[in-house]
Visitor: 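Structure below; questions to follow.
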Amino acid sequence: MASAAYLETDENLEALISRIEQKSRKIETLLKQSKPVEALKTALEGSPLKTRDERCKSANWIVVHRAMMAIRDIDGMFNSLDTEYYDILMKYLYRGLSTGDRPTCDQCLKIHEKLTERAGLGCILRSLADTVNTV
């Protein structure tokens with residue numbers, strides 16, 4: 001039987017999808033303004049971690065992926081990115097690596113290297129050990 005924490009109604013899921021769509025529009029605007037780090041922050045904020053609905057997870061992954069692929073200066077990104085985003089970013093990096101898409105994997109590995117330098121191995125362990133908050 002499903003845990004009460006994971007019971008989701010269609011109404012809640014539709015509201016979540018709507019928020020992701022709004023976030024997507026905001027990210028596109030930020031990217032057009034050449035603000036990829038702000039776009040990434042926006043993409044990571046409010047990620048639907050506790051949902052089990054694959055539509056929500058996939059929709060949010062597309063938004064995060066779009067912002068992540070726009071990052072050119074990875075060192076500069078980490079100078080602007082708050083540490084509160086590190087663990088969730090690591091989760092999305094592993095999701096990106098699981099796609100097998102060459103450009104996505106290349107970008108994820110570049111960011112992973114710098115993120116591990118900054119956040120340490122604890123960030124990797126927290127990301128892999130947390131099976132409740134999934135992306």
Side-chain angles (χ1 to χ4, degrees):
M1 179 170 220
S3 165
Y6 296 113
L7 292 179
E8 300 169 329
T9 65
D10 288 339
E11 184 177 305
N12 291 343
L13 292 175
E14 292 308 316
L16 193 54
I17 293 286
S18 177
R19 283 196 306 271
I20 293 169
E21 288 169 351
Q22 290 172 357
K23 187 173 18 173
S24 178
R25 288 189 291 275
K26 183 175 181 181
I27 286 165
E28 288 303 322
T29 301
L30 289 168
L31 291 175
K32 286 177 185 172
Q33 296 171 352
S34 298
K35 297 179 179 178
V37 176
E38 289 302 315
L40 183 61
K41 286 180 185 179
T42 302
L44 295 173
E45 289 172 354
S47 291
L49 299 177
K50 293 193 185 296
T51 185
R52 297 274 184 192
D53 186 75
E54 281 304 316
R55 290 179 311 149
C56 293
K57 289 181 182 189
S58 293
N60 206 69
W61 159 245
I62 291 167
V63 172
V64 172
H65 178 260
R66 176 76 177 96
M68 198 169 47
M69 295 303 287
I71 299 291
R72 296 291 169 246
D73 179 13
I74 295 172
D75 288 321
M77 174 191 76
F78 281 112
N79 290 334
S80 303
L81 194 66
D82 298 328
T83 58
E84 69 187 74
Y85 296 104
Y86 288 1
D87 287 359
I88 185 68
L89 177 58
M90 186 64 81
K91 286 179 173 288
Y92 279 107
L93 292 176
Y94 286 124
R95 175 148 186 176
L97 289 169
S98 74
T99 65
D101 176 62
R102 180 70 185 253
T104 300
C105 289
D106 288 348
Q107 181 75 339
C108 286
L109 286 172
K110 289 176 194 171
I111 296 172
H112 186 278
E113 177 185 13
K114 297 295 182 181
L115 180 55
T116 304
E117 286 175 12
R118 290 235 177 193
L121 296 176
C123 186
I124 295 171
L125 293 173
R126 286 187 299 275
S127 174
L128 296 174
D130 184 0
T131 59
V132 174
N133 299 310
T134 59
V135 297

Visitor: Ignoring hydrogens and geometry beyond distance, is a side-chain donor-acceptor pair present between S47 and N60 at under 3.5 Å?
Guide: yes
Visitor: Could you state the interatomic distance from OG (S127) to CG (D87), rounded to the nearest 0.5 Å?
Guide: 7.0 Å
Visitor: Any chance the side chains of T134 and K57 put a donor and an acceptor closer than 3.5 Å?
Guide: yes
Visitor: Applying ring pair (Phe, Tyr, Trp, His ring centres under 6.0 Å), name anything that partners F78, two or more places apart in sequence or on another chain.
Guide: Y86
Visitor: Do K41 and E38 meet the salt-bridge criterion of a basic N to acidic O distance under 4.0 Å?
Guide: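 Looking at E38 and K41, the cut-off is met.
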Visitor: Find the distance between CE (M69) and CG (D106) and round it off to the nearest 0.5 Å.
Guide: 8.0 Å
Visitor: Please confirm whether Y92 and H65 have ring centers closer than 6.0 angstrom.
Guide: no
Visitor: Between T99 and C105, what is the shortest heavy-atom contact and its length?
Guide: OG1-SG, 4.5 Å
Visitor: Walk me through whether K91 and N133 qualify under side-chain hydrogen bond (donor to acceptor under 3.5 Å, both in side chains).
Guide: CA-CA 9 Å; K91 286 179 173 288; N133 299 310; over 6 Å; no
Visitor: About how many Å separate SG of C108 and CG of L89, when rounded to the nearest 0.5 Å?
Guide: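 It is 8.5 Å, given to the nearest 0.5 Å.
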Visitor: With a 4.5 Å heavy-atom cut-off, do M68 and L44 have their side chains touching?
Guide: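 No - every pair of side-chain heavy atoms lies 4.5 Å or more apart.
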Visitor: How long is the gap from CG on L81 to CG on L40, to the nearest 0.5 Å?
Guide: 6.0 Å
Visitor: May I ask you to decide whether E28 forms a salt bridge with R66, counting only side-chain N to carboxylate O separations under 4.0 Å?
Guide: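 Counted as a salt bridge, because a side-chain N and a carboxylate O are separated by less than 4.0 Å.
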